[in-house]
**Student:** 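Shown below is the structure under consideration.
The chain is numbered in sequence order, starting from 1. Values in this document were obtained by computation on a predicted structure and should not be read as measured data.
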Amino acid sequence: MKKMKLVMVGNGMAGVRTLEELLKIAPELYDITVFGAEPHPNYNRILLSPVLAGEQTIDEIVLNSWAWYTDNHITLHAGKKVVEVDRVKRIVRADDGTEAAYDRLLMCTGSNPFLLPLPGKELEGVIAYRDIADTEQMIETAKTHRHAVVIGGGLLGLEAANGLMRRGMHVTVVHASHWLMERQLDRVAGGLLRTSLEARGLHFLMGANTQAFVGNDEGRVKAVQFKDGTALPADLVVMAVGIRPNVALAETMRLHCERGIVVSDTLQTVTDARIYAVGECAAHRGIAYGLVAPLFEQAKVAANHLAQSGIGRYLGSLTSTKLKVTGIDLFSAGDFKGGEGTEEIVMSDPFGGVYKKLVIKDDKLVGACLYGDTVDGGWYFELLRDGRSVHDIRDTLMFGQHFSVGNKDKGLPTRDEVKHRPAPAERCFAADEA
């Protein structure tokens, strides 16, 4: 039987995970062609921060080598950006003229970094932080320049700032909010994080509004100017102020886009059932996810339907956050800010650098924010995801899984049993990254 043709636009983590899942259940169903705009095989974008910090190399973060594509009979067009898709003739065209016909199309175009539309953004040395090319540019700049300014005190901005500091640059993080990672941490945890990062050598300018980037005679950035009239010297400016789903190609195809390419629970586009979308470019029930765990969940469902099994449904994801800065432990998930109708359990030890906040509603854990001690982050995330009642363990919930009396049936020690044990020398469990 002649194989169907599957073409994938995009060669990132979500798309290749979809192919991996598909090859497990229907390895002979398709002839597969992949177009990737970057001249690299699939790599772990999450680990760009350790590469920037000098903890890993580019080769070490490759997930699927060139040989993997060959071994699985996948035609890979690396470094070729798709610029046109003819939905009538079902043909994909790249910028160099390469064409591929499809029976099923998988859109995995990812997202683009948002660049502040400010004067001077076109100057040399003003960049975003998104891919290998950006990472390599920062590493090279750190060899010859001194001052770096990172715009954005969120997850990615702090990882970029830490990496540049590790490369020897004087780094200032400029953040419009009054505490760091305000979407993932509350004010107290954000303050503890800032204190820890300042002790490492990072500098912060909070509540600041950038007005323009000032260049020198050679066309390179030399300073960041703020609305209050002050300025900071800058040989390098890294903007980490968010991402936007990359829907430019989808819009030219007249696919319905709203916060991303709109997909159903089967990850098929609502416009064309032959076309699927997964990853940061897809919008499911009004949400475009930017974390890897939801994207892998989408990949499994999409593969199920591409394999013509037709039983999987993607119903959305609960997400959690962990910072990738060595020696700093933080974890948050769910509705950690609380509010009307919720209860908060808080434990704070500023001197020891430990802060825990649990939010409960209707006898269920609905949010968690941990700083300094994330040993029970994974367990709290399970409680959040599964919606279990915590009524019977409410008085010990703050002390973690091993102190919760409801775990006897799982073979775990109860609170009374743990009381008579010596304290462990070191706790090395960290919450799963999402």
**Student:** If you compare all heavy atoms of P233 against all heavy atoms of H147, which two are closest, and at what distance to 0.1 Å?
**Tutor:** O-CB, 3.6 Å

**Student:** Count the heavy atoms of every other residue, nucleotide or ligand shown that sit under 6.0 Å from CD of E258, and state whether that count exceeds 12.
**Tutor:** no

**Student:** Any side-chain donor-acceptor pair under 3.5 Å between Y314 and S317?
**Tutor:** yes

**Student:** Could you check Y380 against L365 for side-chain contact (heavy atoms from CB on, under 4.5 Å), going step by step and ending with a plain yes or no?
**Tutor:** CA-CA 8 Å; Y380 291 138; L365 184 67; 3.8 Å; yes

**Student:** Is D235 paired with R146 through a side-chain N to carboxylate O contact shorter than 4.0 Å?
**Tutor:** no

**Student:** What I want to check is whether the side chains of Y129 and E159 have a donor and an acceptor closer together than 3.5 Å.
**Tutor:** no

**Student:** Consider only side-chain N and O atoms of T57 and D59, and report whether a donor and an acceptor are under 3.5 Å apart.
**Tutor:** no

**Student:** What verdict does the side-chain contact (heavy atoms from CB on, under 4.5 Å) test give for R313 and V301, after you've listed the backbone C-alpha separation in whole Å, the side-chain angles of each residue and the deciding distance to 0.1 Å?
**Tutor:** CA-CA 6 Å; R313 292 292 184 274; V301 173; 5.6 Å; no

**Student:** Step through the shown structure and confirm whether more than 12 heavy atoms of other residues, nucleotides or ligands are within 6.0 Å of CZ on R183.
**Tutor:** no

**Student:** Locate the shortest heavy-atom distance separating K121 from L116; write the atom from each residue and the value.
**Tutor:** CD-O, 3.4 Å

**Student:** What do the steps show when you test E297 against Y289 for side-chain contact (heavy atoms from CB on, under 4.5 Å), and what is the final call?
**Tutor:** CA-CA 11 Å; E297 292 170 5; Y289 294 92; over 6 Å; no

**Student:** Which atom names give the shortest non-hydrogen contact between I243 and G290, and what distance separates them?
**Tutor:** CD1-CA, 4.5 Å

**Student:** Sub-3.5 Å donor-acceptor pair from the side chain of D376 to the main-chain atoms of Q401, do we have one?
**Tutor:** yes

**Student:** Tell me, do Y30 and L306 make a side-chain contact under 4.5 Å, heavy atoms counted?
**Tutor:** yes

**Student:** Check the side chains of H284 and D265 for a donor-acceptor pair under 3.5 angstrom, ignoring hydrogens and angles.
**Tutor:** yes

**Student:** Check this for me, if you would: do K357 and D186 make a salt bridge, where the nitrogen-to-carboxylate-oxygen distance has to be below 4.0 angstrom?
**Tutor:** yes

**Student:** Minimum heavy-atom separation for I275 to M253, with atom names?
**Tutor:** CD1-CE, 3.8 Å

**Student:** Salt bridge or not between D272 and R274? Use side-chain N to carboxylate O under 4.0 Å.
**Tutor:** no

**Student:** What's the shortest heavy-atom distance between T33 and A100, and which atoms?
**Tutor:** CG2-CB, 4.2 Å

**Student:** Please say which of T172, V214, V149 ends up in a side chain to side chain contact (heavy atoms under 4.5 Å, CB included) with V224.
**Tutor:** V149

**Student:** Check whether the ring centres of F204 and H175 lie less than 6.0 Å apart, and answer yes or no.
**Tutor:** no

**Student:** Quick one: does any side-chain atom of D373 pair with a main-chain N or O of V354 as donor and acceptor, under 3.5 Å?
**Tutor:** no

**Student:** Roughly how far, to the nearest 0.5 Å, is CG of L63 from OH of Y43?
**Tutor:** 10.5 Å

**Student:** Do you know which two heavy atoms are closest between E84 and L249, and how far apart they sit?
**Tutor:** N-CD1, 3.9 Å

**Student:** Does F399, at its CZ atom, have more than 12 non-hydrogen atoms belonging to other residues, nucleotides or ligands within less than 6.0 Å?
**Tutor:** no

**Student:** Quick check on side chain to side chain donor-acceptor pair (under 3.5 Å): which of N42, T75, N64, N11 does Y69 satisfy it with?
**Tutor:** N11

**Student:** Are the side chain of Q211 and the backbone of Q225 linked by a donor-acceptor contact shorter than 3.5 Å?
**Tutor:** no

**Student:** Within the distance-only criterion (no hydrogens, no angle test), does the side chain of R200 pair as donor or acceptor with the backbone N or O of T195 below 3.5 angstrom?
**Tutor:** no

**Student:** Between E182 and R187, does a salt bridge (charged side-chain N to carboxylate O under 4.0 Å, His left out) hold up when you go through it step by step?
**Tutor:** CA-CA 7 Å; E182 73 277 4; R187 183 183 290 269; over 6 Å; no

**Student:** Is it true that atom NZ of K80 has more than 12 heavy atoms of other residues, nucleotides or ligands lying nearer than 6.0 Å?
**Tutor:** yes

**Student:** Would you check if the side chain of N246 reaches a backbone N or O of G110 as a donor-acceptor pair within less than 3.5 Å?
**Tutor:** no

**Student:** Is D131 reaching over with its side chain to a backbone N or O of D134, donor-acceptor style, under 3.5 angstrom?
**Tutor:** yes

**Student:** Going by atom types only, do T266 and S264 share a side-chain donor-acceptor pair under 3.5 Å?
**Tutor:** yes

**Student:** Donor-acceptor check, side chain of T230 to backbone of F226, threshold 3.5 angstrom: yes or no?
**Tutor:** no

**Student:** So, do M8 and C108 sit near enough that their side-chain heavy atoms are less than 4.5 Å apart?
**Tutor:** yes

**Student:** Compare all side-chain heavy atoms of R93 with those of V82 and state whether any distance is below 4.5 angstrom.
**Tutor:** no

**Student:** Using side chain to side chain donor-acceptor pair (under 3.5 Å), reason through Q184 and S332 one step at a time and then give a plain yes or no.
**Tutor:** CA-CA 6 Å; Q184 294 86 17; S332 71; over 6 Å; no

**Student:** Would you say R259 has more than 12 foreign heavy atoms packed within less than 6.0 Å of its CZ?
**Tutor:** no

**Student:** Is the count of non-hydrogen atoms from other residues, nucleotides or ligands lying under 6.0 Å from R285 atom CZ greater than 12?
**Tutor:** yes

**Student:** Consider only side-chain N and O atoms of T135 and R130, and report whether a donor and an acceptor are under 3.5 Å apart.
**Tutor:** no

